[in-house]
Each structure stands twice: as structure tokens, then as C-alpha cells.
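What follows is one structure encoded as C-alpha cells, with my remarks underneath.
No hydrogens, no waters, no symmetry mates; every other heavy atom, side chains included, goes into these values.
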Amino acid sequence: MEGQPKTKIIRLRIGMWWRLVLMGVMLYAVALCFAGVVRAAGAAWRGSYLSIVAVLIPFEAYISLAAAERRQLRGSDRTRFRLTEAIVLLLATQLLRRLLNGLPSGPVHLGSLLDPEAVASSALVLLFWSAASALIAWFGQLEYQPGEVAPPVTSREYDLWVGSRVRHVQHTAAFQRILALYLAGGVFVLLLSGLAQVPPTMLIDVRRGTARAVMWPALAYFLAGLALAAEGRLTLLYTRWQQEKVEVSPAISKRWPLMVAGLLLICLVIALLLPIDYSLSLLDAAAVVINAVVAALVTLAYVLMYLLGMLLYPLQWLISSMRGQAGAAPPQLRLQPQAAPSQGSGFPFLEVMKTILLWAVACFIAAYALYNFLRQHLGAYERFASFGFLKLVSRLVASLLAALRCRGALVSRALAQRLAQRRRAAAVTGRRVERRLLAQLSPRELLHYYYLSLLERAARAGLARRPHQTPFEYEQNLASQLPEAAPDIALLTQAFVEARYSPHPVEPSLVQAVRAHWLRAKKALREWRAARAPGKAR
């Protein structure tokens, strides 16, 4: 359309190949976790070939999907193409396994090809292939399609556009699917990592030790997935900018990778600082906190009782003296003695504090996620709230929040009133200090003060004196804006020039007369500012 500004198009995505590398890292981490579980169970596993396949699967899926799209395969043709691709991929995996682990010397039976390792590796390869294909397809849906823009209604292309697939592309839904798959894979990786650290045969042993090692495959999975999610977010933003025809600065494409790298570095540092040598369960961490609170309350009660005894001691001593008895001894502060720790078994205070902080953050994240889920799924929230107990709890929470909001409003109102009172008191105090300081000035200095204070007030009102203007030139400029105060401004200017440049003494009576003109000029300036304040009619 003519007359509209042209939008500068700048590609911000970092490229599908970089996404494929991140996907390969994530699948490689899953393969390592699975191999760790198998080894922890005591089974023989020579699955290095599976790691190689996991890294190459995203590239193969991308090339295959691009070929299917280029050939415009649809329906049954596309299904046959993908099925053939899956069979070839499984055969290539088993061939690579035989090449790396050694070819059999004797005849190969069909049953030997379906051993447990072959079945498990084939299932994992199919899982990796499906996840990579879904991620690539969803990233394709994130991309901006020129066909999304509707042609004119009166054109011939409009009917074709209404029925096209491009029109129904949901970019935000695709991004949410990517995040959901990333989080689901993260849960799977954490489960496998935990099983790899604690063998399945020891799951029922409650006396086992803690896993004192960083789960590097899980950490690599989450870091690579976080970078992939950041790249998906950038692609989604780029698509929205394209749809809205927003001009994008080229600096964003340079800053985004740096910010993502900084975020990944922060996550890596936090992961390395988390407690791995010592950790408590959630109930143990809660017990530590409760014991600490109870110990503090008991200590406080002992201290209060001691102070109360000290306050009542003079009265008790006086009563004993009146009865002729010996005065009682003053109370002694006796705190409950703590058992000394055994030699060589010091309490890991720092590790316990880190564990409590870890569980507090985890509980907060879980509560925040549950709150957002219920808020976004109102139907589920209403179904949950239909139960009697939950309805009672929701009412209690709602009443508590309402009470807190009411209390917060009262506190903010009282705070505002207190601040207003302090401002008024400060203004009164400032005026008193000003009058005290003015009383110490000489008549000549007072004339200087009246004129310079008027200049300062005029500058705040937007009528500042320019550097090249003389006092009389500025007088004409200010008098043109304040015609009702023109005589007062003229007298103030004349008095200032005489006090500044003439050597004769200044009489106190002149200062009193100039002060009256100064007050009228200030009043006129205030009225001029009020008339031009925002929201006032000019």
C-alpha cells in the first residue's frame, strides 16, 4: 500500500543448525542417563553407539522433513515415507552397534537380533527420532510465513488464503509445546539420573548414603534445553514483530546470544553451588527449622522469666526484711544445657542451611506453578473448589487476602498522612530557619536575596534569565509575562542594581519597602504557574 512506511526486515534467528546441535546435546544427555541406569542395575551395556545416534538423529530428522516438504508429500505418501525412514534408522542403529561391538564370527540367527539391548536401543532411537521431529516441526511453526498476511478481500487470492494451512498456524501454541516437551524430558532425565546414582537394588535400603556427585548429563540437558527455549522465544518475538511490521534493531541479534550465555553461566554456577555432599529430605529440613524456632522460643521464655524475677526481686527483698527474714538471693539465669557433640561429628550447619534454602525455593516454585496453572485453567480451579474442604480453604484464603489488602490500605493511608504531616512540619521548620538566617543578613545582602530568590523562582517556572541578559533586559522580559507585577519587578531590579554596584549605605526602611514588592512579585509568579499547570484551562 502506498503512503505507508516500509518496514526494515532483519533476520534474528541463529539458524536451524544451531538448534539441531542443542537438540543433539539434549538427546546425548538422555542417552548417557539411560546408560548409567543400566550399568547401575549391573547389566552389561556397551551403548556408545547409542550416543552417536542420539547426536545425529536431529540432523537426520531435519533433512528428512525438508525432503518431504520439498516433495510436497501429504497423507499416505508422507506416512509411508516416514515409516520407511524409521525402519532404515533402526537398521542403521543395529548395524552401527555390530560394527562398534564386533561382528559375530558364526552364523547370525534372527533371535540374536532381538536381544534386550537391541529392543531397548531401538525403543530409545524411536523416542529420540519422534522428539526431534516434533521439535523441528514446532520450530517451523514458530517461523513467520509471508502467507499469514491476508490479501485484500476483493482479490482472487483471498479465497485461497482462507483455506490455506498457513492461516491457521498457531505460533504461541507451538512454543508452549516446545516448553512442555522440554520439561517432560527434564523430569525423565532427573528420574534416570537418580536411578543411575542409586542402583535399583538399593531403593528399599533406607540406610543408604547420599549421592555425592554432580549429575552432569542432567545438567547438560537442562542447559541445552534452556538455550533452545531462549532461541524459540526469540523466534516467536521475531514472528510477532514481522506480523506487526515493527522495525527491529540489528543490535538485538548480537545481544541475545550474549544474554543467553550469561543466563546459562548463572544457572551453571547455581547448580554447582547446590548442596550435593550433604542434603536432607523435606521433612528433615522442616524439622530442623521447627527445632530452631522452638529452641529460640524456649530461650526467649527463659530470658523473660529471668527479667521478671529481677523486677520482682526488690519487692521480695522488702517483704522478707519486714518479716525479719533473710533476703532471698537474686534469680540466676539458667538456660537448658545442650548436649556436647561427639568428637569428630560436628553439625554441618552450612550444608543444612543450603538444604533448607533449596527446599524453600523448590516449594515456592511449586506453589507458584500450581497457582498459575489454576489461574489459567479456570475450569479446573472451579472443579477443585467444588469440594467442601477446598471451598472452605479457598474462602479462608480469600478472606485472609482481603484482610491483608484492607490492612495494607489502612497502613498506606496512615503512612501517607504521617508523611504529609512531616512535610508540613519540615516546611514550617524551613520557614523558621529561613527567617532566622535572614535576620542575620545585612540590609545590602537582604536586597541581593530578594532579587536572586525571585530569579530562582522564575527559573523553576520556565522564565529563566539568559546568560547574555542584563538585569534591566531581563526585567522587560519578565514584566511582559507578569504585567500586573511589572512595577514590583522594576523596583526590585533597581534596588538590586544599586545595592550591587553603588557604594552608598542601604537604609533599613528601603529593605522593608522592597520586601513588600518582593512578596507581591512572588504571589503574581505563583498565580502565573498555577494558571499554566497541567489540567488547567489556559
For the pair E85 and R80, find out whether any cationic side-chain nitrogen is under 4.0 Å from an anionic carboxylate oxygen.
no
Any non-hydrogen side-chain atom of L268 less than 4.5 Å from a side-chain atom of L264?
no
Tell me the closest heavy-atom pair linking M23 and A132, and the distance in Å.
SD-O, 4.4 Å
Side chain to side chain contact (heavy atoms under 4.5 Å, CB included) evaluation trace for V411 with R407
CA-CA 6 Å; V411 171; R407 178 63 61 180; 4.2 Å; yes
Say whether, by atom type as modelled, one donor and one acceptor occur between the side chain of S122 and the main chain of A118 under 3.5 angstrom.
yes
Examine the side chains of E231 and W256 and answer whether a donor and an acceptor come within less than 3.5 Å of each other.
no
Pairwise side-chain contact, F128 with V53, heavy-atom cut-off 4.5 Å (strictly under)
no
Atom of L126, atom of A86 and distance for their closest heavy-atom approach
CD2-CB, 4.2 Å
Once you round to the nearest 0.5 Å, how far does CZ of R233 lie from CG of L228?
14.5 Å
Pair R98-T93, side-chain hydrogen bond (donor to acceptor under 3.5 Å, both in side chains): steps then yes or no
CA-CA 9 Å; R98 296 297 179 179; T93 301; over 6 Å; no
Contact check, side chains of E69 and R78, non-hydrogen atoms, under 4.5 Å
yes
So which of L142, L135, I136 actually passes side chain to side chain contact (heavy atoms under 4.5 Å, CB included) with W138?
L135
Measuring only between side-chain heavy atoms, which start at C-beta, is F59 closer than 4.5 Å to V21?
yes
Would you give the length of the straight line joining atom CG of L237 to atom CZ of F175, rounded to the nearest 0.5 angstrom?
8.5 Å
Minimum heavy-atom separation for L192 and C33, please, with both atom names.
CB-CB, 3.7 Å
Specify the closest pair of heavy atoms between A29 and P217, including all atoms of both residues, with the distance to one decimal.
CB-O, 3.1 Å
Which atom pair, heavy atoms only, marks the closest approach of L181 to A131?
CD2-O, 4.0 Å
Would you compute the distance between atom CG of L83 and atom OG of S76 and round it to the nearest 0.5 angstrom?
12.0 Å
Heavy-atom pair of closest approach, residues A229 and L179
CB-CD2, 3.7 Å
Rounded to the nearest 0.5 Å, how far does CH2 of W241 lie from OG1 of T239?
10.0 Å
Here the gap from M26 atom CE to F222 atom CZ, rounded to the nearest 0.5 Å, amounts to 9.0 Å
CD1 on I57 to CG on L27, rounded to 0.5 Å:
6.5 Å
Whether S130 side chain and L127 backbone form a donor-acceptor pair below 3.5 Å:
no
How about Y28: does its OH atom have over 12 heavy atoms from other parts shown lying under 6.0 Å from it?
no
Is there a donor-acceptor contact under 3.5 Å from the side chain of Y221 to the main chain of W216?
no
Are V298 and Y302 close enough, and set up right, to give a side chain to side chain contact (heavy atoms under 4.5 Å, CB included), and what steps lead you there?
CA-CA 6 Å; V298 170; Y302 274 115; 3.4 Å; yes
Could you tell me if T235 and R19 have a donor-acceptor pair between their side chains, going purely by distance under 3.5 Å?
yes
Should the heavy atoms of other residues, nucleotides or ligands under 6.0 Å from CZ of R418 be counted, would the total exceed 12?
no
Tell me, yes or no, whether the heavy-atom count around Q72 atom CD, taken from other residues, nucleotides or ligands under 6.0 Å, exceeds 12.
no
